[in-house]
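See structure below.
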Amino acid sequence: MLELGLFYIAATVSLVSTIMAVTRYNAAHALIYLIISLLASAIIFYLVGAPFAAVLEVVIYAGAIMVLFVFVIMMLNLGASGDTEEHALLNPSMWIGPSILCAVLFGEIVYVLSGAQQTLAGQVIGPKAVGLELFGPYVLAVELASMLLLAALVGAYHLGRRYFIDAREQDNG
């Protein structure tokens with residue numbers, strides 16, 4: 001019964017942080033909430049008996065993909081006006097929500113990893129089985145997803161570059 005309670009806590013944190021990510025005006029704030037949502041999803045994977053999927057969630061999504069998003073945001077730097085707006089939006093009160101959600105997840109992780117809690121019933125799937133499935137029948141889907149991410153990165157760069165050049169021409173004209 002306690003396993004189910006931990007599952008619902010992680011699910012609630014995931015839902016709240018996802019809603020906050022979607023409703024944030026600033027992209028950096030949305031990324032913070034999205035990372036919390038992905039970490040909560042990793043805890044859910046661990047609780048249902050998929051520790052390898054939980055590790056992949058943290059390493060690939062919360063790690064690599066979020067670094068890519070931060071890189072794109074940095075690449076689309078809008079100059080001094082963007083820096084001023086970011087400093088105005090990045091006040092200490094902005095960290096209260098993410099800090100509370102992370103504290104809840106941290107408490108849950110400590111409790112689960114202390115050995116006091118067993119995962120929900122399920123079969124543990126190892127990395128070999130995941131690799132065989134991903135690069136067996138689903139290799140085309142994996143490659144299409146990587147090409148989609150690359151196309152989105154190039155598109156965001158060109159859209160941001162065009163906006164920056166148009167804004168510079170208006171300032172000079």
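Counting begins at 1 with the first residue of the sequence. Just so it is clear, the structure is predicted and the values come from calculations on it, not from any experiment.
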Which of these passes side-chain contact (heavy atoms from CB on, under 4.5 Å) with Glu57: Ile43, Ile44, Leu38?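 Answer to the side-chain contact (heavy atoms from CB on, under 4.5 Å) test with Glu57 among Ile43, Ile44, Leu38: Leu38.
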Rounded at 0.5 Å granularity, tell me how far CG in Leu101 sits from CD1 in Ile32. 11.5 Å
Which donor-acceptor pairs under 3.5 Å do the side chains of residues 15-24 make with protein atoms, sequence neighbours left out?
residue, atom, partner, partner atom, Å
Ser17, OG, Val13, O, 2.8
Ser17, OG, Ser14, O, 3.2
Ser17, OG, Ser37, N, 3.3
Thr18, OG1, Ser14, O, 2.7
Thr18, OG1, Ser37, OG, 2.7
Thr23, OG1, Ile19, O, 2.9
Thr23, OG1, Met20, O, 3.4
Arg24, NE, Met20, O, 3.1

Quick one: closest heavy-atom pair of Ile36 and Leu105, and the distance? O-CD1, 3.8 Å
Considering all heavy atoms, the nearest Tyr33-Gly97 contact: OH-CA, 3.8 Å
With sequence neighbours left out, what residues match Val59 under side-chain contact (heavy atoms from CB on, under 4.5 Å)?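 By the side-chain contact (heavy atoms from CB on, under 4.5 Å) rule, Val59 matches Val55.
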Which ILVMFWY residues can you reach from [X] by hopping between side chains whose heavy atoms are under 4.5 Å apart?
| X | answer |
| --- | --- |
| Val110 | Phe106 |
| Ile96 | Ile100 |
| Leu144 | Leu140 |

Any link between [X] and [Y] through a network of hydrophobic side chains (Ile, Leu, Val, Met, Phe, Trp, Tyr) touching at under 4.5 Å?
| X | Y | result |
| --- | --- | --- |
| Tyr138 | Leu149 | no |
| Leu56 | Val142 | yes |
| Phe45 | Leu39 | no |

Quick check: are there more than 12 heavy atoms from other residues, nucleotides or ligands sitting under 6.0 Å from CZ of Phe52?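 Yes, enclosed.
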